[in-house]
Structure formats: C-alpha cells, structure tokens
Trainee: 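What follows is a structure written as structure tokens; I'll ask about it next.
When reading the values below, keep in mind they use all heavy atoms of this one structure, side chains included, and skip hydrogens, waters and symmetry mates.
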Amino acid sequence: SVDSGGIQVTGNSPFGISERPSISRDGRYVVFSSAASDLLAGSSDTNGVADVFLRDTCRTTGGIVPACVTSTSRISVTSTGAQADQASVNPVISGNGQYVAFSSRASLTSDDTTTGTYDIYRYTRQTGGVKLINITPTGQFGNYNFAVGLAISPDGRFVAWSDSTQVKIFIKDVDTNTLYDVATPPNFNSSSSLWPPAMSDNGSVIAFASTHPYVASDTNTFEDVYVLTRVGSTTTSMTRITDAASNGSVRGDLGVSISGDGNLIAYVTKDQEAGNPVDTNNALDVYVYNRQTQTKTLVSVGIDSNGSP
C-alpha cells in the first residue's frame, strides 16, 4: 500500500487503513482497499471513503519486468473516470491479473440504479472499464452483503458471491451476461450464517460454509461445509462434507479453500472428523476433503511419527 513513487501511506484520513489484499498468480499485480487519501499523486483522492487500488509491482515469479514502471492506481471510479462518492471494498483479482471484482456502494455505471446498497463490479485492467456484475439482462439485481468476500475465476469469466440476507450463492457468467442463483435453501431462514464461497477454476464447483441446512440430512443446527456442482443454472449436486455429528466447531469465518480442479476442499473445524483418530487436541485444525475418494485428511499435523496435530 504505497503510492506510485513507492512512498508508504501515512493513513492521512480518520480511517486510513489498507486491507483485503489479493494478488495475481504471477505476483505482479496486487489489489487492496484503502481509506488512505495519499496513495494518488496531486492529492486527487478527496472523497473521504474507502477505495480499491491496483498496484503494479513490475515483478513476477520470473523476476523484474523489463521497462516497467511501478504504479498505484485507483480502479473504483465511475465510467467517466470520476471518483466514487461512497465506499468500495472487498477486491479480488483474477489469476491472470486482467480483472478485478469488488463491491461498491457508489453507482459507478449508468445501469446501477440502486441507491444506498453495495453492488458488485468487474474492472478490466487493459481497458480501465468497469462493469456492473450483480444484474440480469432484464435489470434485476442479485443481492450482496458487503461484509463478505467475492470469488473470481482465474480468467475473470465467473464471479461468485454469497447473499446472507437470502442465504443464497450467486454466480455471474460475464461472457454470457447470465446471473445464476446456484444455492437456494429449501426453507429460508434469515438468521442463518453464510460465508464467502470458494470456486474452482472453471466455475463448476463451489464450496461454502453455512448454518442453514441445504440438505435434508443436516439436522445439527450448526455450521457445516457444503460443496455444490453446477451446469449453468442447474445445481447438479449438493453435498455436506463435514460430519453429521458436527457440534458447532466448523469455522466458516476462517475461510474455505478449493483446488483449481475442484476436487480438494480445505476448511477449519474443532471437530474430530471421521477417519482421523489422531485428532485429539480439541483445538481448531485444518482438514482437506477429497471429492473423488470422499475422504478427509487432517493436514495441520506435526512431523513426529504419529502425525499428531
């Protein structure tokens, strides 16, 4: 979180913190949100709210990029380049570094007719354009809770998010301009928790944690981790991967992660999951679920011969 000259921000605002970093797969581009007002040259950041910034480090896993000049730019701006009048947060960058999804309470495009609510945008780095994401071709909006994060595919085509007010998962296919509701609970309960989704590279497998029962066998009333597969708008399978005896120890707020091919899902729980008798520490641990073999492996273990956590 430095300006284009490499000078660290002073936090020159009442809430001048920088947070929510996301990095491209080659390490060159980093996005983050910040309420600092001194990241741009010429004191041009005068809106007094959090913005989303893109840092070009001019470095990749292969070394320094030739003839590249490091820079910091604000990307949460309107289609005319004007600064936003309300906060923009929760950025995530695609693996190829070409696209950034983020949420904003400001109306950054002409088709955003909502007021006072957070909407989702996708920024294209090569053109500098922003596109409203949580909208259907007929102008209907898919709700978004600004307090939780987003997921974007490596090529930027798919953007997924959770709507905790409806306990739903939405995914947008930007190429076809199609908004899908892929996880609708059988019985709506607004008091249920729903954490940000993790998405496979092709957008067909999504993992998430929720206290809501998405399958009839989930009767424990506690938080569980689910994995869904989809083809278009059709959810082809919905599987609870945490144990039925879960007693409230799953921690969706600490994140769920998924491998690029969608086969492996990592999550955090205090429970002793089936097939892992060495987990006796009664503490938070990390497990990996294998969809192909339907097995769970405790991975937060030491190097002793027993593999104890």
Side-chain angles (χ1 to χ4, degrees), residues 20-22 31 89-95 99-103 118-122 133-135 141-174 178-186 188-190 192-215 218 223-242 250-269 286-289 291:
R20 299 288 183 130
S22 178
V31 292
V89 294
N90 296 340
V92 59
I93 193 168
S94 60
Y99 303 98
V100 179
F102 64 93
S103 60
Y118 279 86
D119 289 307
I120 301 171
Y121 294 90
R122 192 189 73 168
I133 293 299
N134 59 319
I135 189 172
F141 287 82
N143 292 340
Y144 171 64
N145 181 348
F146 81 97
V148 297
L150 307 170
I152 190 170
S153 60
D155 61 1
R157 174 176 177 175
F158 299 104
V159 179
W161 66 94
S162 57
D163 170 21
S164 59
T165 61
Q166 299 184 77
V167 205
K168 292 183 177 183
I169 300 288
F170 288 97
I171 184 170
K172 179 65 174 279
D173 183 337
V174 183
T178 306
L179 180 64
Y180 299 121
D181 170 5
V182 295
T184 300
F188 174 68
N189 183 348
S190 60
S192 298
S193 66
L194 177 61
W195 297 102
M199 181 171 56
S200 64
D201 286 355
N202 65 4
S204 66
V205 185
I206 296 176
F208 62 96
S210 178
T211 58
H212 197 93
Y214 285 82
V215 294
D218 186 355
E223 199 161 283
D224 286 292
V225 178
Y226 286 90
V227 178
L228 70 84
T229 59
R230 71 171 190 93
V231 176
S233 61
T234 302
T235 298
T236 55
S237 69
M238 177 74 75
T239 306
R240 180 182 58 181
I241 65 173
T242 41
V250 174
R251 290 288 301 273
D253 61 317
L254 297 180
V256 173
S257 184
I258 193 169
S259 59
D261 63 1
N263 185 51
L264 302 176
I265 296 92
Y267 59 94
V268 177
T269 183
V286 179
Y287 281 85
V288 171
Y289 175 79
R291 291 179 53 236

Trainee: Thr236 side chain to Thr229 main-chain N or O, any donor-acceptor pair under 3.5 Å?
Mentor: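 Yes, because the side chain of Thr236 sits within donor-acceptor range (under 3.5 Å) of the backbone of Thr229.
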Trainee: A side-chain contact here means heavy atoms from C-beta on lying under 4.5 Å apart; do Ile120 and Phe170 qualify?
Mentor: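 Result no, sub-4.5 Å side-chain heavy-atom pair not found.
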Trainee: So which atom in Gly260 and which in Ser200 form the shortest heavy-atom distance, rounded to 0.1 Å?
Mentor: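 Where Gly260 meets Ser200 most closely, the heavy atoms are O-CB, 3.6 Å.
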Trainee: Hey, mind stepping through Arg240 and Val227 against side-chain contact (heavy atoms from CB on, under 4.5 Å) and telling me if it holds?
Mentor: CA-CA 6 Å; Arg240 180 182 58 181; Val227 178; over 6 Å; no
Trainee: So, Thr235 side chain and Val182 main chain: donor-acceptor pair closer than 3.5 Å or not?
Mentor: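 Checking the backbone N and O of Val182 against the side chain of Thr235, a donor-acceptor pair under 3.5 Å is found.
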Trainee: Taking Arg251 for the side chain and Asp253 for the main chain, is one N or O donor matched with an acceptor at less than 3.5 Å?
Mentor: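 A pair under 3.5 Å: no.
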Trainee: What distance do Asp181 atom CG and Ser233 atom OG have between them, rounded to the nearest 0.5 Å?
Mentor: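 Going from CG on Asp181 over to OG on Ser233, the span is 9.0 Å.
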Trainee: Rounded to the nearest 0.5 Å, what separation is found between the OG atom of Ser103 and the CG atom of Asp119?
Mentor: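 The CG atom of Asp119 is 9.0 Å from OG of Ser103, to the nearest 0.5 Å.
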Trainee: Do Leu264 and Tyr289 touch side chain to side chain, with heavy atoms closer than 4.5 Å?
Mentor: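 Side chain of Leu264 against side chain of Tyr289, heavy atoms only: no contact under 4.5 Å found.
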Trainee: So does His212 get a backbone contact from the side chain of Ser210, meaning a donor-acceptor N/O pair under 3.5 Å?
Mentor: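 The answer is yes, because a donor-acceptor pair under 3.5 Å joins these two groups.
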Trainee: For Tyr226, run the side-chain contact (heavy atoms from CB on, under 4.5 Å) check against Val215, Ile169, Ile241 and tell me which one passes.
Mentor: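 Among Val215, Ile169, Ile241, the one that satisfies the side-chain contact (heavy atoms from CB on, under 4.5 Å) with Tyr226 is Val215.
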Trainee: Which pair of heavy atoms, one from Asp155 and one from Arg157, lies closest together, and at what distance?
Mentor: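 Heavy atoms of Asp155 and Arg157 come nearest at OD1-N, 3.0 Å.
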Trainee: Can any side-chain N or O of Ser153 pair as donor or acceptor with the backbone N or O of Phe158 at less than 3.5 Å?
Mentor: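 At least one qualifying donor-acceptor pair exists.
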Trainee: Within a strict 4.5 Å, meaning less than it, do heavy atoms of the Val250 and Val268 side chains meet?
Mentor: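 Side chain of Val250 against side chain of Val268, heavy atoms only: no contact under 4.5 Å found.
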Trainee: Check whether any side-chain N or O of Ser22 sits under 3.5 Å from a backbone N or O of Val31 as a donor-acceptor pair, and report yes or no.
Mentor: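 No, the answer is negative, given that no donor and acceptor are paired below the 3.5 Å cut-off.
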Trainee: Taking the side chain from Arg122 and the backbone from Phe102, do they hold a donor-acceptor pair closer than 3.5 Å?
Mentor: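 No, Arg122 side chain to Phe102 backbone: no donor-acceptor pair under 3.5 Å.
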Trainee: Might you work through the side-chain contact (heavy atoms from CB on, under 4.5 Å) test for Ile133 and Val174, ending with a clear yes or no?
Mentor: CA-CA 7 Å; Ile133 293 299; Val174 183; 3.7 Å; yes
Trainee: Which pair of heavy atoms, one from Ser162 and one from Pro197, lies closest together, and at what distance?
Mentor: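 Distance-wise, the nearest heavy atoms are N-CD, 3.8 Å.
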Trainee: Under the side-chain contact (heavy atoms from CB on, under 4.5 Å) criterion, do Tyr287 and Thr269 qualify, and how do the steps go?
Mentor: CA-CA 8 Å; Tyr287 281 85; Thr269 183; 3.6 Å; yes
Trainee: Please find the pair of heavy atoms, one from Gly252 and one from Ala209, that lie closest to each other, and give the distance.
Mentor: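 The pair with the smallest heavy-atom distance is CA-CB, 3.6 Å.
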Trainee: To the nearest 0.5 Å, how far apart are OH in Tyr121 and CG in Asn134?
Mentor: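 Here the interatomic distance stands at 8.0 Å.
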Trainee: Stepwise, does the side chain to side chain donor-acceptor pair (under 3.5 Å) test hold for Glu223 with Ser193?
Mentor: CA-CA 8 Å; Glu223 199 161 283; Ser193 66; 3.1 Å; yes
Trainee: After noting the C-alpha distance and the side-chain angles of Val256 and Ile265, does the key distance pass the side-chain contact (heavy atoms from CB on, under 4.5 Å) rule?
Mentor: CA-CA 7 Å; Val256 173; Ile265 296 92; 3.7 Å; yes
Trainee: Judged by modelled atom types alone, do Arg291 and Asn263 share a side-chain donor-acceptor pair under 3.5 Å?
Mentor: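 Their side chains do not contain a donor-acceptor pair, so the 3.5 Å distance test is not met.
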Trainee: Look up atom CD1 in Ile206 and atom CE in Met238, then write down how far apart they are to the nearest 0.5 Å.
Mentor: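 If we round to the nearest 0.5 Å, Ile206:CD1 and Met238:CE are 9.0 Å apart.
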Trainee: Given side chain to side chain donor-acceptor pair (under 3.5 Å), test Thr242 with Asp224 step by step and report yes or no.
Mentor: CA-CA 6 Å; Thr242 41; Asp224 286 292; 2.8 Å; yes
Trainee: Only one of Trp161, Tyr214, Trp195 forms a ring pair (Phe, Tyr, Trp, His ring centres under 6.0 Å) with Phe208, so which one is it?
Mentor: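 Option passing the ring pair (Phe, Tyr, Trp, His ring centres under 6.0 Å) with Phe208: Tyr214.
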Trainee: Could you state the interatomic distance from CD1 (Ile152) to OG (Ser94), rounded to the nearest 0.5 Å?
Mentor: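 Going from CD1 on Ile152 over to OG on Ser94, the span is 5.0 Å.
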Trainee: Of all heavy-atom pairs between Ile171 and Met199, which one has the smallest distance, and what is that distance?
Mentor: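 Shortest heavy-atom separation between Ile171 and Met199 comes out as CD1-SD, 3.5 Å.
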